[in-house]
Amino acid sequence: MRDFKDTALLQVEGLTKRYGARIGCADVSFDLWPGEVLGIVGESGSGKSTLLSCLAGHLTPDHGRVLYQGRDTLAMNEPERRVLGRTDWAFVHQNPRDGLRMGVSAGGNVGERLMAVGARNYGAIREAATDWLARVEIDAGRIDDRPRQFSGGMQQRLQIARNLVTGPKLVFMDEPTGGLDVSVQARLLDLLRGLVRDMGLSVILVTHDLAVARLLADRLMVMQGGHVIEHGLTDQVLDDPQAPYTQLLVSSVLQV
Amino acid sequence: MTDHAYNFAYLDEATKRMIRRAILKGIAVPGYQVPFASREMPMPYGWGTGGVQVTAACLTPEDTLKVIDQGADDTTNAVSIRKFFERTGGVETTTHTSEASVIQTRHRIPEEPLREGQILVYQVPIPEPLRFLEPRESETRKMHALEEYGLMHVKLYEDIARHGEISTSYAYPVNVEGRYVMDPSPIPKFDNPKLGGNPAIQLFGAGREQRIYALPPFTEVVSLDFEDHPFQASKADHDCDLCGCATSYLDEVITDDRGGRMFVCSDTDFCESRRSAGHRGRLSPEEMA
Ligand SMILES: Nc1ncnc2c1ncn2[C@@H]1O[C@H](COP(=O)(O)OP(=O)(O)OP(=O)(O)O)[C@@H](O)[C@H]1O
Ligand SMILES: [Mg+2]
């Protein structure tokens with residue numbers, strides 16, 4: 001039997017965050033393995049974004065521990081955590097405006113993380129940006145355009161390129177396909193699936209869309225009122241839900 | 001001549017002490033922006049109230065003051081500030097760089113090399129080099145604290161992407177002693193190489209933004225660039241039409257309405273000194289027989 005503590009990429013123990021008397025998320029524990037996609041599903045207000053923000057270090061939880069490769073990220077000082085945030089980790093926001101610099105060209109947006117970790121060769125940065133635009137199916141001729149001139153789907157793909165250019169290990173995504181129409185969503189999902197596989201990314205994916213979860217996630221956590229009420233392999237959870245709440249959630253989607 | 005209604009150099013002693021503390025802190029931490037409580041000065045902000053306050057805090061009755069505006073001693077701005085300190089401090093003033101112990105400047109470093117013991121005071125409109133891409137003050141402060149300067153190169157990247165080269169030609173960002181990134185005020189990038197290794201004390205005052213920063217003598221200052229787009233201290237590709245100097249920073253002057261123009265040293269004191277030493281340029285008046 002292998003020693004789990006040595007191989008889990010992320011270990012989360014008893015994570016709790018309150019907003020005053022209101023519960024954001026409560027007593028959440030799980031391990032994330034290298035190359036694994038963990039979906040977090042649940043209705044609006046169930047605590048998905050709160051949990052993700054605590055994991056990514058954007059919010060400080062009241063209790064619990066988050067270990068990344070065995071290092072306690074909550075005990076890290078801010079500089080260390082910010083270095084992690086632009087090297088090993090990436091965060092894809094639901095609204096691309098929150099994750100892009102709208103006043104900077106597409107190439108500059110993709111190049112920023114490279115420059116942040118010390119890239120100082122313009123030609124090489126430009127080449128990497130061109131390459132990444134192609135990987136997210138944005139025409140190379142658009143490299144000097146501002147994100148404002150892009151459609152919503154393109155902006156989201158640009159945000160993904162900007163995040164993945166430095167080859168992170170762990171990507172946090174909050175509703176990456178939310179706000180896009182269905183055909184655009186499908187294309188983005190395809191793209192994400194390919195990138196996750198090719199780069200061997202570990203992903204924590206927040207979504208309220210069970211179809212998205214089915215397509216991308218290996219495992220699912222179902223949240224309600226800040227608590228994790230069900231946790232298992234995606235197919236298991238969706239095909240044979242145990243908790244009554246999950247059964248309701250699944251049946252309401254399947255009827256569509 | 002001194003107007004005795006004011007304390008020496010206008011500011012009261014308590015204010016000067018406060019500003020001196022900020023200056024000393026700035027000198028102790030080269031390139032770091034020190035907040036200070038900027039005072040109302042009897043002139044508009046655009047006139048360099050930050051520089052004026054720093055100068056006021058540095059001046060002693062024995063000092064000789066020179067004031068330049070884009071290299072010239074005779075613009076309204078330069079003349080007014082010089083008069084201000086003549087009236088409120090009774091200090092000697094000069095237009096000669098070598099004779100001045102304190103030089104207040106807007107947008108230039110004098111051509112004549114400065115020496116130990118001199119103080120160069122810059123008027124600064126926007127002290128924050130990261131402001132261009134990150135408007136949140138809380139965030140830029142953190143970026144300085146944590147040395148997160150990737151964004152400065154994003155700005156230079158955008159320059160090259162749009163113009164084929166780094167088109168920033170004024171207020172060109174520098175790294176100080178391998179630590180803080182600093183805006184050298186809107187001097188032409190031609191002047192950037194003079195920031196580093198300079199024997200004089202260089203002080204920067206931003207009045208509206210309430211910041212003081214400094215370069216102590218012989219500080220290492222490096223202009224930011226890319227390996228394949230190295231920094232270049234450029235100037236107009238001409239000689240001065242009045243003194244013939246091939247190495248000074250030039251202003252282009254329109255001379256008539258038929259497209260006539262000439263290039264002259266922006267540093268008027270430098271140009272005049274060369275002319276009185278007999279140097280001639282393309283458009284110098286004919287030699288008297
Ligand atoms: N900044 C905040 N201040 C106070 N309460 C908050 C704050 N952010 C979230 N909450 C509360 O915490 C709970 C969880 O919210 P959270 O945003 O994590 O839910 P979510 O699952 O991401 O919802 P959605 O699907 O709508 O994005 C909710 O009751 C919410 O009202
Ligand atoms: Mg949410």
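Sequence lines set the chain letters: A, B, ... in the order given, protein chains first and strands last, and positions in each chain run from 1. Computed over heavy atoms, backbone and side chain alike; hydrogens, waters and symmetry mates excluded.
Residue-environment remark: CG (A:N77) exceeds the threshold of 12 foreign heavy atoms within 6.0 Å. The local environment of CD in B:E139 is crowded, with over 12 non-hydrogen atoms from other residues, nucleotides or ligands closer than 6.0 Å. Atom NZ of B:K25 has 12 or fewer heavy atoms from other residues, nucleotides or ligands within 6.0 Å. More than 12 non-hydrogen atoms from other residues, nucleotides or ligands lie less than 6.0 angstrom from CD of A:Q149.
Both the backbone and the side chain of A:N121 come within less than 4.5 Å of a heavy atom of chain B. No part of A:R113 comes within reach of chain B, as not one of its non-hydrogen atoms sits under 4.5 angstrom from that chain.
Interface check for chain B: of the options A:R101, A:R120, A:R86, the most heavy-atom pairs under 4.5 Å are formed by A:R120. Of the listed residues B:L151, B:L224, B:D225, the one with more heavy-atom pairs under 4.5 angstrom with chain A than any other is B:L151. Ranked by heavy-atom pairs under 4.5 Å with chain B, the first of A:G118, A:A119, A:A124, A:P79 is A:P79.
Note on ring orientation: taking the six-membered ring where Trp is involved, the planes of A:Y122 and B:H229 are perpendicular (angle over 60°, cut-offs 30° and 60°).
B:Y157 and A:S105 make their closest contact through CE2-OG, 3.8 Å (heavy atoms, listed as atom of the first residue, atom of the second, distance). Residues A:G108 and B:V154 share a closest heavy-atom pair of O-CG1, 4.3 Å.
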Passes side-chain contact (heavy atoms from CB on, under 4.5 Å), B:K142 versus A:E78? Steps please. CA-CA 10 Å; B:K142 204 169 277 175; A:E78 195 182 11; 3.3 Å; yes
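Salt-bridge check for B:E158 with A:R126: failed, with every basic side-chain N at 4.0 Å or more from each acidic carboxylate O.
Counting heavy atoms from C-beta outward, B:L146 and A:R82 have side chains that approach closer than 4.5 Å.
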